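Model, not experiment: these values are computed from the prediction. Here is the naming used below: chain letters follow the sequence lines, and residue numbers restart at 1 for every chain.
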Number of protein chains: 2
Amino acid sequence: MPSTTSSGPSLREISRDAVRARITEVALDLFAEHGFDQVTVDQIAAAAGMSGRTFHRYFPAKEDVVVGEPERWGEFVRDAFAARPDDEPVWDSLRASFEAFIGFLEQDGRVQRGKVAMRILVSTASLRARNLEKHQLWGRMLLPLVAARLPDDDTALRAEIIVQAAFACLDVTFTTWANVDDDTTLSELLERSFTMLQPTT
Amino acid sequence: MPSTTSSGPSLREISRDAVRARITEVALDLFAEHGFDQVTVDQIAAAAGMSGRTFHRYFPAKEDVVVGEPERWGEFVRDAFAARPDDEPVWDSLRASFEAFIGFLEQDGRVQRGKVAMRILVSTASLRARNLEKHQLWGRMLLPLVAARLPDDDTALRAEIIVQAAFACLDVTFTTWANVDDDTTLSELLERSFTMLQPTT
DNA sequence: GCTTTGCGTGTCAGAGACTGACAGATATGG
DNA sequence: CCATATCTGTCAGTCTCTGACACGCAAAGC
């Protein structure tokens with residue numbers, strides 16, 4: 001147990017995060033060069049100086065290296081949504097929450113790396129699958145909040161549709177952003193996507 | 001090669017389809033009882049009286065038993081969309097195309113079995129993944145047709161959003177239908193879903 | 001009728017992603 | 001220095017999926 005003097009992450013956690021980051025760095029390079037499916041776990045592990053077994057102790061599945069930790073970002077988005085005013089239309093609240101998410105990514109400086117990762121993601125079936133699971137998770141986290149803000153009847157189906165449509169917008173945003181070479185902004189694409197769709201009130 | 005007297009499916013194809021149907025039948029029973037992940041390919045093969053290797057000659061992947069042949073249905077939907085009048089709003093055309101698809105399924109009497117299959121599908125990650133690939137495929141087939149019907153600018157992004165949103169509606173439709181015990185109709189749910197969302201014209 | 005050809009099938013071997021069990025190494029705290 | 005917890009590698013095993021080979025059977029050609 002860590003001493004009570006510091007309430008921050010323990011030494012072990014720092015070390016663990018550092019190793020995870022290193023693995024991610026090495027793996028993304030390999031994926032970018034040879035393609036996700038052409039790189040084996042053992043190759044990544046060797047490049048990172050460890051055994052394949054140890055790789056799986058840091059990432060349960062090979063896909064997790066690219067997708068990251070959906071849980072953390074899901075909480076971020078959920079909290080952002082919860083912080084929105086109650087009288088705002090849900091569609092706008094969702095857009096604002098995704099906007100905050102994107103803003104966080106950009107500020108963190110992961111955008112360049114993010115574009116590489118996203119290009120790998122959208123071009124690999126098993127990674128798209130993992131991404132879908134992220135949507136499902138986020139959906140389960142957002143659904144009750146969205147449903148609570150909807151007027152009277154049919155809230156279950158309405159909320160489901162709205163959330164899924166929002167994810168579709170987010171997906172299209174990231175996909176087109178990854179496939180384009182100019183400097184089009186994620187925020188810009190997100191706004192355009194959300195504007196093209198409107199839930200009937 | 002078959003003699004020219006009959007232009008129908010060859011004997012081999014009939015036999016192949018029959019075997020495929022038999023495997024599907026046996027496998028769905030096993031999946032429904034034990035869950036998709038708990039049933040091995042060898043178990044299905046044994047229950048169908050063949051080796052595991054032969055199973056894979058009929059279905060490249062275990063998931064294909066549940067998902068079926070996306071290509072065929074994709075063509076069906078694409079043709080249905082192409083047959084719609086040019087001046088109809090794309091959103092309505094998409095709804096009509098999905099309606100036709102659903103109608104075909106219901107007429108074929110696969111609805112009961114379909115509900116079982118759908119329950120297995122929505123509760124298994126790898127099957128949801130395969131279903132997503134189906135969406136991607138259908139999307140690639142529909143996208144050019146949809147884009148061609150859209151007014152002037154930004155057709156690429158607009159088409160992408162509209163198609164993805166339509167798939168979201170279709171997905172929610174099947175998912176809620178599978179999870180509900182009453183007699184709510186697929187068409188009914190589809191209509192409600194599509195009505196809740198409107199692309200801005 | 002016999003052969004040739006094509007096709008379906010089983011067996012075998014192997015890659016690749018994981019997972020559990022065990023044992024040694026390392027570092028953390030007293 | 002020791003006791004503890006954690007990390008790590010090795011090994012073995014499961015499961016999906018693929019390629020290669022050989023066997024059997026049935027239709028087609030002579």
Side-chain angles (χ1 to χ4, degrees), chain A residues 1-6 8-24 26-27 30-31 34-67 120 124-130 133, chain B residues 1-6 8-24 26-27 30-31 34-67 120 124-130 133:
Chain A
M1 289 286 100
S3 66
T4 56
T5 54
S6 165
S10 71
L11 289 176
R12 301 223 187 260
E13 278 175 28
I14 292 175
S15 155
R16 185 172 177 83
D17 286 354
V19 175
R20 280 182 66 104
R22 176 72 184 137
I23 295 176
T24 304
V26 168
L30 287 172
F31 293 157
H34 304 106
F36 183 83
D37 293 328
Q38 269 55 58
V39 179
T40 69
V41 167
D42 283 341
Q43 285 171 359
I44 304 169
M50 62 181 65
S51 74
R53 188 65 184 86
T54 297
F55 170 92
H56 275 114
R57 288 195 243 262
Y58 286 92
F59 295 97
K62 186 180 162 190
E63 286 80 13
D64 295 331
V65 179
V66 183
V67 176
I120 299 169
T124 310
S126 62
L127 287 172
R128 287 191 298 263
R130 210 65 163 198
E133 294 308 307
Chain B
M1 287 293 100
S3 65
T4 55
T5 53
S6 163
S10 70
L11 289 177
R12 302 216 186 270
E13 279 173 28
I14 292 175
S15 156
R16 184 171 178 82
D17 287 353
V19 175
R20 280 181 67 103
R22 175 73 185 134
I23 295 176
T24 304
V26 168
L30 287 172
F31 293 157
H34 304 106
F36 183 83
D37 293 327
Q38 268 57 57
V39 179
T40 69
V41 168
D42 283 341
Q43 284 170 358
I44 304 169
M50 60 183 65
S51 75
R53 188 69 186 86
T54 297
F55 169 92
H56 275 115
R57 288 195 243 260
Y58 285 92
F59 294 97
K62 185 180 160 189
E63 285 80 15
D64 294 330
V65 179
V66 182
V67 176
I120 298 169
T124 309
S126 63
L127 287 172
R128 287 191 298 262
R130 209 66 162 201
E133 295 308 308

Where do A:Ile44 and A:Ala27 come nearest, in terms of heavy atoms and distance? CG2-CB, 3.7 Å

Apply the test side-chain contact (heavy atoms from CB on, under 4.5 Å) to residues B:Arg130 and B:Val66: give CA-CA distance (whole Å), side-chain angles for both, the deciding distance (0.1 Å), then the verdict. CA-CA 9 Å; B:Arg130 209 66 162 201; B:Val66 182; over 6 Å; no

Minimum heavy-atom separation for A:Ala47 to A:Val26, with atom names? CB-CG1, 3.3 Å

Polar-atom pairs under 3.5 Å, protein N or O versus N or O of nucleotides 14-16 of chain C: list them with distances, or write none.
none

Where A:Glu133 and B:Arg128 come nearest, the two heavy atoms and their spacing: OE1-NH2, 2.7 Å

Integer-rounded Å distance: C:dC12 P and B:His56 NE2: 18 Å

Roughly how many Å is it from CZ in A:Arg20 to P in D:dC7, rounded to a whole number? 13 Å

Whole-Å distance separating the CG atom of A:Asp37 from the C1' atom of D:dT16: 14 Å

B:Arg20 side-chain N/O to B:Tyr58 backbone N/O, donor-acceptor pair under 3.5 Å: yes

Compare every heavy atom of B:Ile23 with every heavy atom of B:Ala48, then report the nearest pair and how far apart it is. CB-CG1, 4.4 Å

Rounded to whole angstrom units, what separation is found between the CG atom of B:Asp42 and the P atom of C:dT11? 11 Å

On a heavy-atom basis, the closest approach of A:Lys62 and A:Val39 is NZ-O, 2.7 Å

Whole-Å distance between D:dA5 C1' and A:Glu13 CD? 15 Å

Rounded to whole angstroms, how far apart are CZ on B:Arg12 and P on C:dT9? 11 Å

Atom pairs under 3.5 Å, N or O on each side, protein against nucleotides 8-12 of chain D: can you list them with distances?
from  : atom 1 : to      : atom 2 : distance (Å)
D:dT8 : OP1    : A:Tyr58 : OH     : 3.4
D:dT8 : OP2    : A:Tyr58 : OH     : 2.8
D:dG9 : OP1    : A:Ser51 : N      : 3.4
D:dG9 : OP2    : A:Ser51 : N      : 3.2
D:dG9 : OP2    : A:Ser51 : OG     : 3.0
D:dG9 : OP2    : A:Thr54 : OG1    : 2.1
D:dG9 : N7     : A:Arg57 : NH2    : 2.5
D:dG9 : O6     : A:Arg57 : NH2    : 3.1

Using whole Å, report how far CZ of B:Phe59 lies from C1' of D:dT16. 16 Å

Interatomic distance where CZ belongs to B:Arg130 and P belongs to D:dT16 [whole Å]: 13 Å

What's B:Glu63 touching, base or sugar-phosphate or nothing? Going by heavy atoms closer than 4.0 Å. sugar-phosphate

Please assess B:Val41 against B:Phe59 for the test side-chain contact (heavy atoms from CB on, under 4.5 Å), listing each intermediate value before the final yes or no. CA-CA 10 Å; B:Val41 168; B:Phe59 294 97; over 6 Å; no

Taking all non-hydrogen atoms of both residues into account, name the closest pair between A:Pro60 and A:Asp64 and its distance. CD-OD2, 3.5 Å

